[in-house]
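Notes follow once the structure below has been shown.
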Amino acid sequence: MDVVYRSLLIWSLTLLSALTAHAQNLIDTMYTKVMESHVELVYSYSFRMSGVNNVGQGILSAQDDLWHVDGNGIQMWCDGSSMWVVDPSLKEVVIEPAVLEADYLSNPALLFTRMDDCFNVRMARSSADGDTMLYVLEPKHSGDIDYCNIEVFKDDASIKSATFAMTDGNLLNIEVSSMTFSPKRPHTSFRPQTSFDSSWIVTDLR
């Protein structure tokens, strides 16, 4: 019986080690693809604050520290040195110096572009259908986020969904309907293509 028990224990530990390595390889693959590619996400989100749900949707285009978000009637660009916030309906634009820390609550999909810098993996397990891995991530530094649950597809290392639990008890839920990786684009792709003529209200704070 002792020999059987030890054999089962060794087999279990070997299987657990293999599963853990596979889980780490998957999320590392996702991080690498995000780092080496131009990423586009189509997403929707809900943010529960004081019992009230705020919902939105958008498209994120990002690579390195460059990004563009189009959602909820607002367009934002960042080319690494400047950031443009554009309201086409009001024909208003605010231009500011780029900041190192993105406004994650205004543009929650931006969290996905820096997850490896922000989180450690606390736990990982396969989903019931076997198509995704569910990761529980903990922040590397104290801040607004307590932990994150993220689902990653096994076949292409793209993100399915994520839930961010805030330290104040609020929840940010993000559903990703599409995540694609492509070759990186020129920096000019992350600047507005619109000419802000005299019909626009332009506030340049640079």
Side-chain angles (χ1 to χ4, degrees), residues 30-31 33-35 37-50 52-119 132 135 137 143-145 148-153 156-166 170-194 196 200-203:
M30 189 267 285
Y31 290 156
K33 291 176 75 172
V34 168
M35 181 177 64
S37 309
H38 169 267
V39 182
E40 184 172 282
L41 294 99
V42 180
Y43 66 94
S44 59
Y45 70 90
S46 64
F47 183 44
R48 191 187 70 196
M49 180 180 293
S50 302
V52 178
N53 263 352
N54 299 290
V55 298
Q57 57 187 2
I59 300 174
L60 168 69
S61 174
Q63 68 188 43
D64 304 322
D65 291 327
L66 317 176
W67 50 269
H68 167 53
V69 174
D70 190 343
N72 295 342
I74 300 296
Q75 300 173 1
M76 300 181 68
W77 284 265
C78 179
D79 68 353
S81 59
S82 297
M83 182 173 68
W84 293 260
V85 182
V86 180
D87 186 333
S89 64
L90 298 177
K91 301 196 74 172
E92 294 183 358
V93 55
V94 177
I95 311 171
E96 305 175 10
V99 292
L100 295 177
E101 295 299 327
D103 187 351
Y104 295 131
L105 297 185
S106 296
N107 302 290
L110 289 171
L111 282 161
F112 296 144
T113 65
R114 294 182 179 174
M115 296 199 77
D116 55 334
D117 293 331
C118 300
F119 297 98
T132 62
Y135 294 89
L137 307 179
D144 296 327
I145 299 174
C148 166
N149 293 338
I150 182 170
E151 275 193 274
V152 179
F153 284 108
D156 63 358
S158 65
I159 296 170
K160 178 182 180 182
S161 64
T163 298
F164 296 89
M166 304 300 175
N170 294 314
L171 289 176
L172 171 62
N173 296 300
I174 302 176
E175 297 290 332
V176 178
S177 56
S178 173
M179 182 176 185
T180 57
F181 303 94
S182 60
K184 291 187 176 182
R185 300 179 179 180
H187 279 47
T188 52
S189 300
F190 299 92
R191 298 169 187 156
Q193 306 303 307
T194 303
F196 302 117
W200 285 77
I201 300 174
V202 179
T203 305

Determine whether [X] and [Y] make a side-chain contact, defined as any pair of heavy atoms from C-beta on separated by less than 4.5 Å.
X	Y	value
Pro88	Gln75	yes
Leu171	Phe164	no
Phe119	Ile145	yes
Phe47	Asn53	no
Ile95	Val202	yes
Val85	Ile74	yes

Under 3.5 Å donor-acceptor, [X] side chain and [Y] backbone:
X	Y	value
His68	Ser189	no
Lys160	Ile150	no
Gln193	Thr188	yes

Excluding sequence neighbours, so at least two apart, what forms side-chain contact (heavy atoms from CB on, under 4.5 Å) with [X]?
X	result
Thr194	Phe196, Trp200
Leu66	Gln63, His187, Phe190
Thr203	Val94, Leu205

Using side-chain hydrogen bond (donor to acceptor under 3.5 Å, both in side chains) as the criterion, list what pairs up with Thr132, not counting sequence neighbours.
-> Ser127, Glu151

Among residues two or more places apart or on two chains, list those pairs meeting salt bridge (charged side-chain N to carboxylate O under 4.0 Å, His left out) that have a residue in residues 68-93.
-> Asp79-Arg191

Before giving the answer on side chain to side chain contact (heavy atoms under 4.5 Å, CB included), spell out for Val69 and Tyr43 the whole-Å C-alpha distance, their side-chain angles and the decisive distance to 0.1 Å.
-> CA-CA 11 Å; Val69 174; Tyr43 66 94; 3.7 Å; yes

Please round to the nearest 0.5 Å and tell me the distance separating atom CE of Met76 and atom CH2 of Trp67.
-> 4.0 Å

Could you give the side-chain donor-acceptor pairs of residues 172-183 under 3.5 Å, partners two or more places apart or in another chain?
residue	atom	partner	partner atom	Å
Asn173	OD1	Thr163	OG1	2.8
Ser177	OG	Val42	O	3.2
Ser182	OG	His38	ND1	3.2

For the residue pair Ala162 and Cys148, what are the closest heavy atoms and their distance?
-> CB-SG, 4.5 Å

Any idea which heavy atoms bring Asn72 and Val55 closest together, and the distance?
-> ND2-O, 4.3 Å

Salt bridge (Lys or Arg N to Asp or Glu O under 4.0 Å) involving Asp64 - partner list, sequence neighbours excluded | Lys184

Please list, chain by chain and in numerical order, all residues satisfying salt bridge (Lys or Arg N to Asp or Glu O under 4.0 Å) with Arg185, sequence neighbours excluded.
-> none

Under the side chain to side chain contact (heavy atoms under 4.5 Å, CB included) criterion, do Met30 and Ile159 qualify, and how do the steps go?
-> CA-CA 8 Å; Met30 189 267 285; Ile159 296 170; 4.2 Å; yes

